Amino acid sequence: MKNSVIKTLLSLLLVFGANGCQSELEELYQDPDGFSKTQADKAGVSIIAGYFTSQLTRGFLLRGDYGSAYHQLRSGSRIMGTGVQLYYTTNAYGYAYALYDVENDWGSNSFNRTVFNNINSPWIKQVLWGQKEYNKIPEDQRTQSDELYMRLLHVLKAYGYQRAIDLYDEVPYFQTGSAGALDGEKAEYLGQEEIYPIIIEELKEIEAYLANLTLDDATQTSFQQQDVIFSGDITQWRKYINSLRLRWAMNVSEVMPTITSTVIAELSGKPMFDQSTDVAGLADIAIVEPYRLQVELGITRAFRERADEARAPKRFLQDVMHCIPEEKSVVVNGETLYYYDSDNAEEGLANGTVDPRVAYLFSKDILGRYIGAETDFDNGSDPNSYFSKAMRGYYINHPIMTDLAVTEITFGAAGNEHTIKLNDEATADLTKREAFLLDAFRTFCGQYLDIGWTIGTDKNMISEYNVRPQFNFDIRYPTLHAVETELSLAEAAVRGLGAVSGSARDHYKRAIELSCKYWYQMNTANAYSKQTTPSFPSNMDQSRIDRDRPDMEYNESAYAEYEAQRFDGLTDEEKVRSIFNQLQLHYNMFNFETPYTNARRLISYLGDNPGAPYEVFQWKERFLYNPSIQATDPENWARISQHDDYNLPIWFTGRQTKWKNVLE
């Protein structure tokens, strides 16, 4: 390779694409630099088909991987508030209410650079090698298979570039039809403004090609084997491409509304993702050896190790899903104090006024309540704060508050009990007990002493994410789902961005129905246990695994209609915020990038950030480049380094000013 930039990156980053644990399929296709015509012939596939399957199995492209998911959870939650890390939202660990820089947090460099590194090596080299082989074939000798796989490789290439430019703006780009660095061509740094129109138009042409394509029997048989995402279903590829184009059209709506309306018009009558099973993604179990999946390489390892942010956001439970705690009060020493006793989940799930996903995505606390945590900071000074009211529910009606002889309190299920003992001062004086116990319970929960930093125990004092969807090794990593397509159409209709077929209300309602159906299926279809390979982690409680399976499938249509009626009464801005909330709730911890992109895009329209960033972390408008570029390509570094600033809004936001949280 003559291009020193790409050559250096490829040599540095090849480790991202090799892990030595893949099935035979991945072993065959994970080494494009060594992949040969001989290997392809031996496998009975065209060499371009081999590169196509290799591209589908790239880590973190259409499937998750441990490292990337770990850092997205850890750092991404602090940016978007998808999960709550109590040590940064309460005073339990002694952290001050001060502004922290997520860039200097351990692990953030990997979090920053992963997508940039991938677009320069693991996500592009299969396309370049496939293009090189394709370009060598005389035009009159190219088979139907060659043409099909090459076009689909360009779909995947475009998807990879979309992810990269949404995070960094300018990235090294190779035009369609180029074998790039393999032919001595130097990549050109282009940004969103240049790349989005290219890929939107390119996928239009590819979809038109597929719409008129009829595969011969041999090609169809081969395609079914090579296509590990859609099993050789041309219609699913068309739906995927059209749904990608809709995503991209919405992404540029703040700065190129004409493109948005044009694409929406072009998509009229075309197939798009519209079923709960329509998801672009690959399950780890499809290509990773089961015995290494949970403990070493799979996305579920990231979920297991990031129990920190498995605490359920109050914003999802209460503000989005309408699961409302029941508040009661008691007078203690002349002061009225409030506490949460239970919630409206049981009644609301039955009558369609509480979102069914409460039961599919989240787990009750040990008092049987769906009560989560806020991303606002609680320094403990307000005795009736949300967190304090949740903790007070554990002790306020216990004899320890009224009987001087009772000096300790035990709570939790049999075999999973916690005990808190009074100090000498509170032992001797009933008037000291409220303050002592409130602080003790806040500290106990806030320092994760209830769960021992482990997801899936039966000891959680506030609601957590449900372990069954998280530890479903068959789940297809949802890089794009029908719910997003419906929500994009709903937003376009609300804002008048194009002639959308159907009302905003209809698409919003449909999105909720699809999401409920999807997450119910992901939960109840989970066939794994603590005895299977791979298995649920051994330190999870069986009782928790069992109770995290919903008792029944609730009526998603009844709830969706209830929510649609609320939606009807909102202003346009409130409707768009609700649409965003549904998107973030649906993707939750499985897909950070899409809600992050939408949050930054919508700040201009809404006048505020629709996400729920932690108050104590600086908001970041973009990710930072790999600093190795300065040494390997000083010419381009001089160009892009001026943009290497997470305070600088990215082009598609239409903003020049950074959004700031309350501490910035």
Side-chain angles (χ1 to χ4, degrees), residues 19 21-23 63-67 69-70 73-74 83 281-312 357-370 372 411-418 445 448-478 518-553 588-590:
N19 55 38
C21 71
Q22 295 84 352
S23 66
R63 66 178 176 97
D65 68 36
Y66 159 63
Y70 178 97
L73 289 170
R74 192 177 195 275
L282 185 65
D284 285 348
I285 195 70
I287 54 175
V288 178
E289 293 179 21
Y291 78 96
R292 299 185 68 183
L293 183 57
Q294 178 207 318
V295 297
E296 222 171 321
L297 297 161
I299 191 173
T300 56
R301 178 183 171 188
F303 293 145
R304 171 169 54 87
E305 293 183 357
R306 294 311 305 162
D308 307 35
E309 55 268 11
R311 307 285 192 170
R357 289 168 293 183
V358 165
Y360 309 160
L361 278 171
F362 297 101
S363 182
K364 299 175 182 179
D365 65 24
I366 55 178
L367 292 182
R369 311 170 302 176
Y370 286 110
F411 55 99
N416 288 302
E417 299 94 341
H418 305 301
C445 181
Y448 291 77
L449 299 176
D450 57 333
I451 64 172
W453 305 94
T454 301
I455 182 69
T457 73
D458 209 359
K459 305 176 182 180
N460 53 299
M461 293 175 65
I462 57 175
S463 186
E464 292 182 341
Y465 274 93
N466 189 309
V467 299
R468 294 181 62 85
Q470 279 190 336
F471 286 89
N472 187 342
F473 301 95
D474 284 313
I475 194 169
R476 296 169 66 188
Y477 188 65
Y518 177 80
W519 286 114
Y520 176 77
Q521 183 66 19
M522 291 304 101
N523 185 313
T524 59
N526 191 336
Y528 296 94
S529 69
K530 296 174 74 170
Q531 288 74 45
T532 56
T533 303
S535 67
F536 276 88
S538 59
N539 56 0
M540 283 189 179
D541 290 352
Q542 186 63 48
S543 57
R544 168 71 180 274
I545 297 170
D546 294 339
R547 72 177 170 92
D548 273 1
R549 189 185 193 281
D551 295 330
M552 60 178 291
E553 182 174 11
N588 53 80
M589 294 195 291
F590 283 83

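All values reported here derive from a predicted model rather than from experimental measurement. The basis for the numbers below is simple: all heavy atoms, side chains too, and nothing from hydrogens, waters or symmetry mates. All residue numbers refer to positions in the sequence shown, counting from 1.
Taking a cutoff of 4.0 Å between a charged side-chain nitrogen and a carboxylate oxygen, Arg292 and Glu289 do not qualify as a salt bridge. A salt bridge links Arg544 with Glu464; the closest basic N to acidic carboxylate O contact falls under 4.0 Å.
Aromatic ring pairs are classed by plane angle as parallel below 30°, tilted from 30° to 60° and perpendicular above 60°; the pair Tyr448 and Trp453 is parallel.
Tyr70 carries Arg306 over the face of its six-membered ring, with the cationic atom under 6.0 Å from the centre and within 45° of the normal.
The shortest side-chain heavy-atom distance between Arg311 and Ile451 falls under the 4.5 Å cut-off. Residues Glu296 and Pro534 fail the side-chain proximity criterion, which asks for heavy atoms closer than 4.5 Å. A heavy-atom distance below 4.5 Å is found between the side chains of Arg547 and Ser363. The shortest distance between side-chain heavy atoms of Ile545 and Ser529 does not fall below 4.5 Å. In this structure, the side chains of Ile287 and Leu282 come closer than 4.5 Å at one or more pairs of heavy atoms.
The aromatic ring centres of Tyr66 and Phe303 sit 6.0 Å or more apart. In summary, the aromatic rings of Trp519 and Phe362 are positioned with their centroids too far apart to meet the 6.0 Å limit.
Judged by distance alone, the side chain of Tyr465 and the main-chain N or O of Gln470 form no donor-acceptor pair under 3.5 Å. Of the possible polar contacts, one joining the Asn526 side chain to the Arg468 backbone as a donor-acceptor pair under 3.5 Å is found. With hydrogens and angles ignored, the 3.5 Å screen pairs a side-chain donor or acceptor of Asp548 with a backbone N or O of Val467. Checked by atom type and distance alone, the side chain of Asp308 never pairs as donor or acceptor with a backbone atom of Arg74 at under 3.5 Å. Under the 3.5 Å distance criterion, the side-chain polar atoms of Arg63 are left unmatched by any main-chain donor or acceptor of Asp284. Within the 3.5 Å criterion, the main-chain N or O of Met522 finds a donor-acceptor partner in the side chain of Asn472. Formation of a donor-acceptor pair under 3.5 Å by the Arg476 side chain with backbone atoms of Gly281 is found in this model.
Rounding to the nearest 0.5 Å places OH of Tyr360 at 11.0 Å from CZ of Arg549. If you take CZ on Arg357 and CG on Asn466, they are separated by 14.0 Å, rounding to the nearest 0.5 Å. Note that CD1 of Ile455 and CD of Glu305 are 13.0 Å apart. Values are rounded to the nearest 0.5 Å. Within the model, atoms CG of Asp450 and CD1 of Ile462 stand 7.5 Å from one another, a figure rounded to the nearest 0.5 Å. Note: Ile366 CD1 to Thr457 OG1 = 8.5 Å, rounded to the nearest 0.5 Å. The distance from the CG atom of Leu361 to the CE atom of Met589 is 9.0 Å, given to the nearest 0.5 Å.
The minimum heavy-atom distance linking Ile285 with Phe473 is given by the pair CG2-O, 3.2 Å. Across all non-hydrogen atoms, the minimal contact from Gly64 to Ile299 is CA-CD1, 4.2 Å. Of all heavy-atom pairs spanning Asn523 and Pro469, the tightest one is ND2-CD, 3.9 Å. Considering all non-hydrogen atoms of both residues, Tyr370 and Ala359 come closest at OH-CA, 3.6 Å.
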What pairs of donor and acceptor atoms, side-chain ones from residues 535-542 against any protein atom, are under 3.5 angstrom apart with sequence neighbours left out?
residue: Ser535; atom: OG; partner: Gln294; partner atom: OE1; Å: 3.4
residue: Asp541; atom: OD2; partner: Asp458; partner atom: N; Å: 2.7
residue: Gln542; atom: NE2; partner: Asp546; partner atom: OD1; Å: 2.9

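A search for side-chain contact (heavy atoms from CB on, under 4.5 Å) contacts involving Leu367 returns Asp365, Arg369, Tyr394, not counting sequence neighbours.
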